[in-house]
Amino acid sequence: MPAFLGGGLSNGQIARQLQVVEGTVEAHVRSILARLGVGNRAAAAVVAHEAGIVPPPGLGPGPF
């Protein structure tokens, strides 16, 4: 889930990917934010990028 969150997916998009209800995702997102000590998804995304969980935008795999 951190990679989805760090990748900027909405709760609904994450729920569809994991095939769970959106409320489950919301609960996990709250838990992740609390554990990271951040107040919002943007800050969690920064932590994910800094930890190497997801690459910064534009630096993912290339076309070749």
Side-chain angles (χ1 to χ4, degrees):
M1 172 120 40
F4 291 139
L5 186 61
L9 273 65
S10 69
N11 288 348
Q13 291 169 317
I14 295 169
R16 285 188 292 282
Q17 288 285 327
L18 299 177
Q19 298 180 348
V20 298
V21 297
E22 195 168 337
T24 300
V25 174
E26 291 170 2
H28 285 290
V29 168
R30 281 193 302 272
S31 176
I32 290 168
L33 296 179
R35 287 174 186 236
L36 292 176
V38 298
N40 58 56
R41 298 169 79 94
V46 169
V47 172
H49 290 297
E50 289 175 350
I53 296 171
V54 292
L59 294 181
F64 302 103

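Owing to the predicted nature of the structure, the values given are computational and were not obtained by experimental measurement. Side-chain atoms are counted along with the backbone in the values below, which use heavy atoms only and exclude waters and symmetry mates.
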Query raised in the report: So how far is it from His28 NE2 to Arg35 CZ, rounded to the nearest 0.5 Å?
Result: 10.0 Å
Query raised in the report: Is Phe4 close to Leu18 at the side-chain level, that is, under 4.5 Å between some pair of heavy atoms?
Result: yes
Query - Distance (rounded to the nearest 0.5 Å) between Ile14 CD1 and Gln19 CD - result: 14.5 Å
Query raised in the report: How about Arg41 and Asn11: does a side-chain donor come under 3.5 Å of a side-chain acceptor?
Result: yes
Query raised in the report: Can you name the nearest heavy-atom pair linking Ala43 to Val38, along with the distance?
Result: CB-CB, 3.6 Å
Query raised in the report: Below 4.5 Å, heavy atoms only, C-beta onward: do Asn40 and Leu33 meet side chain to side chain?
Result: no
Query raised in the report: So, the side chain of Gln13 versus the backbone of Ser10: is there a donor-acceptor pair under 3.5 Å, distance only?
Result: yes
Query raised in the report: Would Val46 end up clustered with Ile32 when hydrophobic side chains under 4.5 Å apart are linked, directly or stepwise?
Result: no
